[in-house]
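Down below is the structure, laid out as C-alpha cells.
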Amino acid sequence: LPPSPDSSWDAAYERELQTFEDIGDAGEIWFGEESMVRIIRWLEKQKIPLDSSVLDIGTGNGVLLIELAKSGYTDLTGIDYSPSAIQLSEKVREKEGMSNIKFKVEDFLAPSAELSGFEICIDKGTFDAISLNPDNAVGKRKQYARSLSSVLKPEGFFLITSCNWTKEELLNEFREGFEILEELPTPKFCFGGRIGNSVTALVFQRK
C-alpha cells in the first residue's frame with residue numbers, strides 16, 4: 001500500500017527521480033500496464049475526441065499521460081502535490097519527446113483557479129492514498145469530491161481505479177453530483193474459495 005504521510009511520497013519520487021537520471025527508468029506504474037490499457041480502450045470505445053481536455057489526478061511519473069499522447073490525445077494535464085513527482089514526469093516527458101503534456105504541482109484538495117473545465121478526469125490510486133491519510137480522511141474524501149466537481153465539466157467523465165474501495169463504497173462517496181456509467185472489468189483473484197476483486201475501476205459522469 002502507498003505510504004500515508006506526504007513526506008514519504010516525496011521521498012519515494014525523489015528516489016525514482018534519481019533512478020531515472022541514473023538509468024532512464026521511469027519507475028513504478030501503479031496498478032500495472034493493464035490499468036492504463038483499460039482506460040485508453042474505454043476512451044477509444046466511447047470515441048472520446050482526441051482534443052478532449054484530460055486531467056490526470058496524482059500523475060506520479062506521468063506514464064499514463066505519455067501513453068495517452070502516444071494514442072493521439074493532445075490536451076493533457078497531470079497534477080501531483082509532490083514536486084519530485086512533477087520533476088520526474090517532466091524528465092520522462094522530455095525523454096519521450098511529448099511536448100504537449102502539461103505538468104503542474106497542485107494539491108487536488110485545494111486546486112488552483114485555472115484547474116477547471118476538464119472533460120475527463122482520471123485517478124489511479126490517488127483517492128486511495130487520500131483515504132488512507134490518518135488526519136481527517138472523511139473530510140478529505142468529501143473535499144476530493146468537491147474538487148472533482150469544480151474541475152470537471154458538467155457531463156464530463158471521471159475514471160477511477162481503486163484497490164481500497166468496492167464499487168458500492170465508491171458509488172456512495174461520489175453519489176452527490178455524479179452518476180455511474182459503467183464498471184470496467186478488472187482481474188479477479190480468488191481467496192479462500194471466494195472470488196474477490198483486487199481492483200475496482202468505475203466510470204462516473206458528472207451531472
Side-chain angles (χ1 to χ4, degrees), residues 1-14 16 28-31 35-36 39 52-66 68 73 75-90 92-93 101-165 169-178 200-207:
L1 281 180
S4 45
D6 296 3
S7 59
S8 56
W9 274 117
D10 215 39
Y13 284 119
E14 266 168 31
E16 292 199 351
E28 191 77 52
I29 298 176
W30 287 108
F31 298 106
S35 67
M36 295 200 292
I39 289 165
S52 302
S53 52
V54 177
L55 177 67
D56 186 19
I57 301 164
T59 195
N61 54 20
V63 173
L64 171 64
L65 292 178
I66 302 275
L68 283 168
Y73 291 88
D75 188 351
L76 302 170
T77 302
I79 59 167
D80 205 293
Y81 66 56
S82 159
S84 302
I86 294 301
Q87 268 182 296
L88 175 61
S89 49
E90 284 171 344
V92 175
R93 173 185 66 189
I101 306 175
K102 297 185 282 294
F103 288 114
K104 294 182 185 147
V105 177
E106 283 264 4
D107 176 1
F108 190 65
L109 299 182
S112 64
E114 72 254 24
L115 216 61
S116 70
F118 288 94
E119 289 156 286
I120 292 161
C121 288
I122 300 173
D123 180 324
K124 286 161 67 252
T126 299
F127 184 71
D128 286 356
I130 285 169
S131 314
L132 290 172
N133 194 308
D135 177 33
N136 187 17
V138 173
K140 287 188 163 72
R141 294 203 300 272
K142 286 198 164 68
Q143 182 54 53
Y144 181 104
R146 280 197 293 272
S147 294
L148 187 61
S149 293
S150 76
V151 304
L152 187 61
K153 277 184 170 167
E155 299 189 359
F157 299 112
F158 173 52
L159 289 79
I160 181 167
T161 305
S162 168
C163 64
N164 288 13
W165 300 97
E169 288 168 330
L170 289 170
L171 290 182
N172 185 46
E173 292 290 333
F174 295 101
R175 67 184 184 277
E176 281 172 41
F178 299 89
T200 303
L202 302 180
V203 182
F204 287 93
Q205 188 165 25
R206 193 181 151 203
K207 291 174 188 167

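None of the values given here were measured: they were computed from a predicted structure.
In terms of heavy-atom proximity, Asp128 sits nearest to Cys163 at OD2-N, 2.8 Å. For the residue pair Ser149 and Arg206, the shortest heavy atom distance occurs at O-NH1, 3.0 Å. Of all the heavy atoms in Leu115 and Pro111, the pair that sits closest is CD2-CB, 3.9 Å. Cys121 and Val151 get closest at one heavy-atom pair: SG-CG2, 3.8 Å. In this structure, Lys140 and Asp135 approach most closely via the heavy-atom pair NZ-O, 2.8 Å. Pairing each heavy atom of Leu65 with each of Leu76, the nearest pair is O-CD1, 3.5 Å.
Side-chain contact between Ile57 and Phe127 is absent, with no heavy atoms from C-beta onward closer than 4.5 Å. Using a 4.5 Å heavy-atom cutoff, the side chains of Ile86 and Thr59 are in contact. Looking at Phe108 and Thr126, their side chains never come closer than 4.5 Å, going by heavy atoms from C-beta outward. Side chains of Ile122 and Leu55 form no contact here, defined as non-hydrogen atoms less than 4.5 Å apart. The shortest distance between side-chain heavy atoms of Lys104 and Glu114 falls below 4.5 Å. Here the side chains of Met36 and Lys124 are in contact, with some heavy-atom distance below 4.5 Å. Looking at Phe118 and Thr77, their side chains come closer than 4.5 Å, going by heavy atoms from C-beta outward. Between Ile66 and Val92, the closest side-chain pair of non-hydrogen atoms falls below 4.5 Å.
In this structure, Glu176 places its CD atom where only 12 or fewer heavy-atom neighbours from other residues, nucleotides or ligands lie under 6.0 Å away.
In this structure, Ser52 contributes its side chain and Glu119 its backbone to no donor-acceptor pair below 3.5 Å.
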Salt bridge (charged side-chain N to carboxylate O under 4.0 Å, His left out) between Lys102 and Asp75, intermediate numbers included: CA-CA 8 Å; Lys102 297 185 282 294; Asp75 188 351; 3.5 Å; yes
Check the pair Leu202 / Thr200 against side-chain contact (heavy atoms from CB on, under 4.5 Å), numbers first and verdict last. CA-CA 7 Å; Leu202 302 180; Thr200 303; 3.9 Å; yes
Would Leu148 and Phe204 satisfy side-chain contact (heavy atoms from CB on, under 4.5 Å), going step by step from the backbone distance to the final call? CA-CA 11 Å; Leu148 187 61; Phe204 287 93; over 6 Å; no
Stepwise side-chain contact (heavy atoms from CB on, under 4.5 Å) check, Val138 with Arg141: CA-CA 5 Å; Val138 173; Arg141 294 203 300 272; 3.8 Å; yes
The test is side-chain contact (heavy atoms from CB on, under 4.5 Å); show your working for Glu106 and Tyr81 and say whether it passes. CA-CA 5 Å; Glu106 283 264 4; Tyr81 66 56; over 6 Å; no
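Side chain to side chain, Trp165 and Ser131 meet the donor-acceptor criterion of an N or O pair below 3.5 Å. In this structure, a donor-acceptor pair under 3.5 Å is absent between the side chains of Asn61 and Ser89.
Interatomic distance, Lys153 NZ to Gln205 CD, rounded to the nearest 0.5 Å: 13.0 Å. Note that OG of Ser35 is 11.0 Å distant from CG of Leu159, once rounded to the nearest 0.5 Å. To the nearest 0.5 Å, atom CG of residue Asn164 and atom CD1 of residue Ile130 are 12.0 Å apart. Put simply, NZ on Lys142 and OG on Ser147 are 14.0 Å apart, with the number rounded to the nearest 0.5 Å.
When each of Ser82, Pro83, Ser84 is checked for a side chain to side chain contact (heavy atoms under 4.5 Å, CB included) with Asp80, only Ser82 meets the rule.
Note: Phe174 and Tyr144 have perpendicular aromatic rings, judged against thresholds of 30 and 60 degrees for the angle between ring planes.
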